[in-house]
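What follows is one structure encoded as structure tokens, with my remarks underneath.
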Amino acid sequence: MIAEQYLSRSRAFRRLKNASHRQLIERYAVRLAEEGIAKEGGLRCLRLVGDLMKWIASSGFRVADIDEHVVERYLRNRATKHSVHSIDRPALKRFLSVLREAGMIGPAEPPRITRQDRIIAEFSDHLCERGLAPRSIVRHLPIIRRFLCEVCPANAVDLGKIDHADIVRYVERHARDGSPELAKAMCWSLRAFLRYLHHKGLNSVPLSGCVPSIRQWKFASLPTYLSAEQVQKVLDGCDRRSAFGRRDYAIIMMLAKLGLRANEVATLTLDDIDWRSGEMLVRAKGRQRARMPIPPDVGAAVVAYLRDGRPKSSSRQVVSPYSRSPRRLHIL
């Protein structure tokens, strides 16, 4: 038998199979095997069905009474004692299907179509007509459903009453629920839906422009500074036996020890360095100039590069324009 092969060596299955609802358990095990459910997940599904049958007996129900409402009642009761797993509801839905195929319970009630369901279905059709891919449409719908549940709890009959304040409050509540990408996708969906409402005359105000923008800077996730240990690790990574390594080491020393910007290092000239006074002239932002003392270790790094790393050039720049830019260090 398929169920025997599927759950061989399983004491839990043998125990459930010997219970009062043996045939139901076997039918359900066959369905699990046919759908390719993994053994571990299959055993959880079987234990869940076994617990459901015990609850049915203790609650005074019959097998013929089982339907979606009874299953939801059972899950609420189970949640007070056990954690409800994400596969539990699909597992019991599968069990209802097995019971209906066996003719042991009545057919499922047709789902009640609400005003909100109709609005979402019509919005989905509108997006499809505009050429949006089905996968993109599916991403919009959960966002719009939650928006309607919060902003129009009266079953989406108040669409014409949605105003600017409702939209701003909703975005402020949920902008930080996930990543910036998810927040931007939420705003994109809201704009599309609000344009649809105005286009269909369901809201007289064009509200799509009221949806705030979510700013996302490209390098916002990068660290603002490196620790002393990290800086030292970068310095240690420079191979000072090579010309590139000596150059990179001198640049990083000026960046780390003097706090110079990359452009300030790039514009530093040989004439800006006064070796006798131990100072250098730095061309800062806004055409400002400042004199800075040269620490001994920084001076030694620059001298090593100038003597044994800098290519011959008529340029007076410390970092020769014929070598790589300090914005693209060799070690990186």
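Throughout, numbering of the chain's residues begins at 1 and tracks the sequence.
Cation-pi check for Arg310 over Tyr305 is not met; the charged atom does not lie both under 6.0 angstrom from the ring centroid and within 45 degrees of its normal.
Looking only at distances, no side-chain donor or acceptor of Gln232 sits under 3.5 Å from a matching main-chain atom of Glu229. A distance-only check finds no donor-acceptor pair linking the side chain of Asn77 to the backbone of Tyr74 [under 3.5 Å]. Checked by atom type and distance alone, the side chain of Ser124 never pairs as donor or acceptor with a backbone atom of Ile120 at under 3.5 Å. Remark: the backbone N or O of Gly106 is paired with a side-chain donor or acceptor of Arg100 at under 3.5 angstrom. Under the 3.5 Å distance criterion, the side-chain polar atoms of Arg289 are left unmatched by any main-chain donor or acceptor of Val282. Of the possible polar contacts, none joining the Arg191 side chain to the Gly209 backbone as a donor-acceptor pair under 3.5 Å is found.
Between His140 and Phe123, the angle of the ring planes goes over 60°, which puts this pair in the perpendicular group of the 30/60° scheme.
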- Message: Evaluate Leu270 against Arg316 for side-chain contact (heavy atoms from CB on, under 4.5 Å), listing each step before the verdict.
- Response: CA-CA 6 Å; Leu270 297 173; Arg316 300 297 292 170; 3.8 Å; yes

- Before giving the answer on side-chain hydrogen bond (donor to acceptor under 3.5 Å, both in side chains), spell out for Thr114 and Gln116 the whole-Å C-alpha distance, their side-chain angles and the decisive distance to 0.1 Å. CA-CA 5 Å; Thr114 65; Gln116 184 185 100; 5.4 Å; no

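With sequence neighbours excluded, the residues forming a salt bridge (Lys or Arg N to Asp or Glu O under 4.0 Å) with Arg169 are Asp166, listed by chain and number. With sequence neighbours excluded, the residues that form a ring-ring contact (aromatic ring centres under 6.0 Å, His included) with His199 are His126. Residues passing the salt bridge (Lys or Arg N to Asp or Glu O under 4.0 Å) test with Glu150 are Arg173, sequence neighbours excluded.
Salt-bridge annotation for Arg146 and Asp177: present, with a side-chain N of the basic residue lying under 4.0 Å from a carboxylate O of the acidic one. Salt-bridge formation is detected for the pair Glu264/Arg261: a Lys NZ or Arg NE/NH1/NH2 atom is positioned less than 4.0 Å from an Asp or Glu carboxylate oxygen. A salt bridge is absent between Arg118 and Glu122; no separation between the charged side-chain nitrogens and carboxylate oxygens falls under 4.0 Å. Using a 4.0 Å cut-off between a side-chain N of Lys or Arg and a carboxylate O of Asp or Glu, Glu101 and Arg94 do not qualify as a salt bridge. Salt bridge status for Arg283 with Asp272: present, with a side-chain N to carboxylate O gap under 4.0 Å. Checked for salt-bridge contact, Arg62 and Asp65 meet the test: a charged N lies under 4.0 Å from a carboxylate O. Here Asp88 pairs with Arg44 in a salt bridge; the nearest charged N to carboxylate O distance falls below 4.0 Å. The pair Asp274-Arg276 fails the salt-bridge criterion, with no side-chain N (NZ, NE, NH1 or NH2) lying under 4.0 Å from an Asp/Glu carboxylate O.
One finds the SG atom of Cys210 at 8.0 Å from the CG atom of Leu194 (value rounded to the nearest 0.5 Å).
Within 6.0 Å of atom CZ in Arg73, 12 or fewer heavy atoms from other residues, nucleotides or ligands are found, so the atom counts as exposed in its surroundings.
A single hydrophobic cluster is not seen to contain both Trp188 and Ile144; linkage of ILVMFWY side chains at heavy-atom distances under 4.5 Å, directly or through other members, places them apart.
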